[in-house]
Each structure stands twice: as C-alpha cells, then as structure tokens.
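Written out below as structure tokens is the structure these notes cover.
Below, all heavy atoms of this structure are taken into account, side chains as well, without hydrogens, waters or symmetry copies. Here the structure is a predicted model, which is why all the values come from computation and not from measurement. Ligands are counted one by one from 1 in listed order, and the atoms in each one are counted from 1 as well.
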Amino acid sequence: MKVLVLGPGGREHAIVRALLADPFVREVHAAPGNAGIAEDVPTHDIDASDPAAVTGLARHLGVGLVVIGPEAPLAAGIADALLDEGIPVFGPTRAAAQLEASKAFAKQVMAAAGVPTAMARVAATDEEAGEALCTFGAPYVVKDDGLAAGKGVVVTDDLDEARAHASACFAAGGTVVIEEYLDGPEVSLFVLSDGRTVVPLAPAQDFKRIHDGDQGPNTGGMGAYSPLEWVPATLVEEVISRVAQPVIDEMAHRGTPFAGVLYVGLALTSRGMRVIEFNARFGDPETQAVLARLATPLGGVLLAAAKGTLDQIDQLNWSPQTAVAVVLASENYPDTPVTGRRIRGLKKAGKVDGATVLHAGTALRDGKVVSAGGRVLAVVGLGDSLEDARSTAYEGLSLIELQGGQFRTDIALKASRAEVTVSGPAAATT
Ligand code: AMP
Ligand code: GLY
C-alpha cells in the first residue's frame with residue numbers, strides 16, 4: 001500500500017516513521033512535510049487544506065490511504081473531498097470534525113451522550129461573559145469557541161484577564177465557552193474509530209505551559225510521555241464505556257459518523273473523571289511518545305479505521321518500554337516565534353542510543369536545516385523506566401543547538417518521582 005500523510009509537524013513525522021516501519025506499507029509520501037520528513041520520504045509542496053490539490057495528488061500518486069494529521073484540513077473538508085473520490089482516508093469529515101472545531105458543539109454532543117465534562121456556558125457578549133464568570137468563580141476558564149491550536153484557552157485567577165480574553169474573542173467576531181475549573185492531573189487518550197468500533201491507544205500526558213513547573217502561557221504542547229503508571233488500572237475501560245463509545249454512537253445517530261482518531265483530553269478530578277476537550281486528530285507531541293511504543297504495524301490499523309473494519313483487527317501490541325518526548329521551541333514561542341535560525345547537532349542527537357529526533361517547524365535553506373515554526377522538533381527517548389527515557393531524551397536534546405531555543409527541563413519529572421496522584425472517586429479504581 002502507498003500512503004500519503006498530510007501535515008507539516010512533529011506528529012506527522014512520527015506517523016511517517018511508524019508507517020515506514022510497517023511491512024505492509026510499500027511507499028510513504030508527505031505533503032507538505034518538513035525538513036526531517038523530507039529526509040525520510042518524498043514530499044509534495046501543496047496546500048494540505050485545498051481539496052482539489054489533495055485529491056489531485058492522491059490520485060496522481062495512486063495512494064491506497066490518506067492520513068490527515070492536523071485540524072485545519074479536517075475543518076476544510078479534505079476527508080469529504082477524498083471520500084467523494086472513493087479514496088480511503090484516515091480522518092473525519094468536516095461535520096464530524098466539529099467535535100474539535102467548535103467547543104460549543106462538543107458540549108452539546110457530550111450532553112446528549114451523557115459524558116462527564118465541566119459545566120459550561122456559551123457567551124456572546126461582555127455582559128453574558130461577566131455573568132458566567134461570576135457563576136463559576138475562580139479559577140476562571142475562558143475558551144475561544146473555534147480552532148486556536150491549543151492557544152485560545154485562558155485559565156486564570158485574575159477576573160480582569162478572564163474578561164479581557166472574552167472581549168478579545170468577541171472583538172474578533174467569535175463567541176466563548178466559559179466553564180468550571182477542573183482540578184487534578186490531565187490525561188490524553190487517543191481512541192481510533194471507524195464510525196462504529198473504538199480501539200484505544202496507550203494513555204499519555206502532555207505539558208501545555210511553556211515554562212517549568214507549569215508556568216507561563218499555554219502552548220500547543222511542550223512534551224509528553226507514555227504510558228502513565230499512575231492512572232487507575234480501569235481508566236481506559238472507563239473512558240471507552242463512558243466517553244468514547246457514547247460519543248461515537250451519538251455522532252453515528254446524528255448521521256455524521258466519526259471515523260479517525262478521537263483525542264479525549266481528560267482531567268482526573270477530585271470529583272471523578274471529566275472531559276476537558278475533544279480533538280478530531282492525534283495530539284502533538286503525545287503522538288511522538290505514543291507511537292514510539294506501538295509494536296503493531298500502524299498502516300493496517302489506520303486503514304481498518306478508514307474502511308470500517310476495526311472490529312476485525314487483532315489487539316494492539318505495545319513495547320514494554322517508556323517513551324518521553326521533549327519539545328524544542330523557538331525564541332519567543334508561543335507569541336511570535338523567531339524563525340529562520342540554523343539548527344545544529346541533529347545527527348549527533350539522533351545517534352544517542354534510544355533517542356529519535358522528530359522534526360516539527362523545520363525547513364531546508366541552502367541545504368541546511370533551519371527553524372521554521374514555533375515548535376521546532378522533539379527528541380523522543382525510549383527507556384526501561386521513566387528516568388531512563390527522560391535522560392535519553394535530554395541527552396539527545398543537549399546536543400542540539402538553536403539560538404534562543406526553549407525547552408522544559410521537567411517533562412515527566414514528577415511522574416518519574418511518583419509524585420503524580422489521583423484523588424477522589426477517580427482513584428478508587430486504581
Ligand atoms: P483545551 O484547548 O480545551 O484543551 O484547553 C487547553 C488547556 O487548558 C487544557 O489542556 C487544560 O490544561 C486547560 N483547561 C481547559 N479547560 C480547563 C478547565 N475546565 N479546568 C482547568 N483547566 C482547563
Ligand atoms: N498536545 C495537545 C494537542 O495536540 O492539542
């Protein structure tokens with residue numbers, strides 16, 4: 001089988017690597033890709049959100065599967081365009097991708113499916129926002145009701161800052177979702193679906209804030225690790241039965257079946273498990289950590305999700321090792337990142353035993369790799385323990401030079417010291 005992977009990031013580099021390791025996959029192509037992906041497979045410089053360009057390329061290459069990485073092509077209806085052409089696609093239709101594209105829509109689906117989530121209100125004016133903020137109290141959670149690459153959410157104790165974020169969203173023509181604050185550790189669980197059957201991957205944890213100790217603004221994600229030793233043993237089963245299957249059934253019932261990966265973002269709060277958000281795609285950088293451990297060939301699984309045959313695949317196999325992914329970001333990320341800077345030491349880092357360098361915002365300029373985005377790359381370390389995986393990832397990262405580059409030094413640190421705890425009902429099932 002030939003596969004075309006759409007997207008420019010680290011998640012897509014991880015997917016490309018996993019597909020290359022699948023004996024059933026004969027050829028992998030990517031569009032547009034990045035400098036690292038281009039070293040591995042042929043890349044094609046098209047707009048991945050342009051339906052005609054994508055269907056044209058897929059037909060020209062004669063691919064048997066298109067894998068859509070990021071949210072933008074999903075929201076642009078790329079899956080719909082491919083389905084119209086009879087080309088198998090991993091990734092939901094535009095209507096199904098609303099689960100990510102609109103937080104208000106996701107809340108409606110959760111309500112209909114009885115899924116536990118934060119209480120929330122939609123606000124369209126400063127007055128409505130003020131009332132909702134008063135109702136829920138501090139800490140305040142204000143979410144832009146649209147795609148914002150993980151950066152449209154403000155969580156703050158400062159009422160003025162919460163109001164200001166809502167006003168800025170209104171000024172940009174949008175609405176906001178204001179909700180109760182969820183305490184407790186967060187978990188990302190990716191659940192594959194063909195519209196009917198669900199197959200969970202291994203849980204991961206993401207680090208959203210830019211600085212150590214969860215300080216500073218939210219980012220797209222600064223690091224991740226998988227699996228999670230501290231989660232209750234029955235968590236995955238509980239997420240399937242209380243969240244994923246009901247949502248997939250509700251979407252099918254609405255006539256907009258969801259095929260692809262449902263990213264379930266959870267908080268294990270003192271009052272039990274709650275959904276924070278859904279995404280309609282793999283998470284970045286969680287995918288870099290999760291796929292590093294997947295022993296089952298990925299191509300066959302994604303094809304089964306695309307073709308409606310997930311009920312026929314064998315149980316997924318996982319490496320017993322632990323994976324830690326640490327992101328290197330550009331100077332000034334998550335504001336306006338400084339790009340175009342030379343990156344050195346990539347080869348040396350890749351030679352560290354157990355380390356893999358996955359590119360994100362990189363490009364080739366005069367044959368040299370330069371930074372081209374906010375998150376530049378991730379080093380993934382595999383090890384027999386979290387400490388081993390961490391030290392491998394950080395050893396690799398220490399060999400990479402990028403002027404102004406930022407990374408967190410505490411990815412998976414608390415978990416490696418067994419300091420992540422779940423309290424309340426969610427812990428009862430440990
Ligand atoms: P989202 O885009 O909805 O995933 O939100 C981004 C991040 O903001 C989440 O990963 C959480 O860290 C934080 N967040 C979102 N909603 C809440 C909430 N209700 N309570 C606490 N933190 C939240
Ligand atoms: N790492 C969070 C996300 O992909 O949305």
Going by the atom numbers of ligand 2, which of them fall below 4.0 Å from some non-hydrogen atom of [X]?
X      : answer
Gly283 : 4 (O)
Asp206 : 1 (N), 2 (C)
Gly220 : 1 (N), 2 (C), 3 (C)
Glu286 : 1 (N), 2 (C)

- Task: Kindly confirm or rule out an N or O of Lys143 lying under 3.5 angstrom from an N or O of ligand 1.
- Result: yes

- When only distance counts, is Leu182 in polar contact with ligand 1, meaning an N/O pair under 3.5 Å? yes

Heavy-atom nearest option to [atom], drawn from [options]:
atom                    : options                : result
atom 10 (O) of ligand 1 : Met119, Lys208, Glu180 : Lys208
atom 14 (N) of ligand 1 : Val155, Val275, Thr117 : Val155
atom 9 (C) of ligand 1  : Glu186, Arg274, Glu277 : Glu186
atom 5 (O) of ligand 1  : Val177, Val153, Asp206 : Val153

- Does a donor on one side chain and an acceptor on the other come within less than 3.5 Å for Ser167 and Asp126? yes

- Item | Chi angles and distances behind the side-chain contact (heavy atoms from CB on, under 4.5 Å) call for Arg281, Arg11 | CA-CA 10 Å; Arg281 49 160 180 92; Arg11 161 186 49 215; 3.2 Å; yes

- Ser226 versus Glu286: any side-chain heavy-atom pair under 4.5 Å? no

Number the atoms of ligand 1 from 1 as they appear, then name those within less than 4.0 Å of a heavy atom of [X], with their elements.
X      : value
Lys103 : 1 (P), 2 (O), 3 (O)
Tyr181 : 20 (N), 21 (C)
Glu179 : 16 (N), 17 (C), 18 (C), 19 (N)
Asn218 : 7 (C), 8 (O)
Val141 : 16 (N), 17 (C), 18 (C), 19 (N), 20 (N)

- Task: Check each of Asp40, Asn34, Thr362 against His13 using the side-chain hydrogen bond (donor to acceptor under 3.5 Å, both in side chains) test, and report the only one that passes.
- Result: Asp40

- Do Asp284 and ligand 2 have an N or O pair less than 3.5 Å apart? yes

- Geometric N/O contact Gly221 with ligand 2, under 3.5 angstrom: no

- Message: Checking contacts here: is it the side chain or the backbone of Arg281 that comes within 4.0 Å of ligand 2, counting heavy atoms only? Could be both or neither.
- Response: side chain

- Query: Under a 4.0 Å heavy-atom limit, does Lys208 contact ligand 2 with its side chain, its backbone, both, or neither?
  - Reply: side chain

- Message: If we ignore hydrogens and angles and just use 3.5 Å, is the side chain of Arg408 paired with the main-chain N or O of His211 as donor and acceptor?
- Response: yes

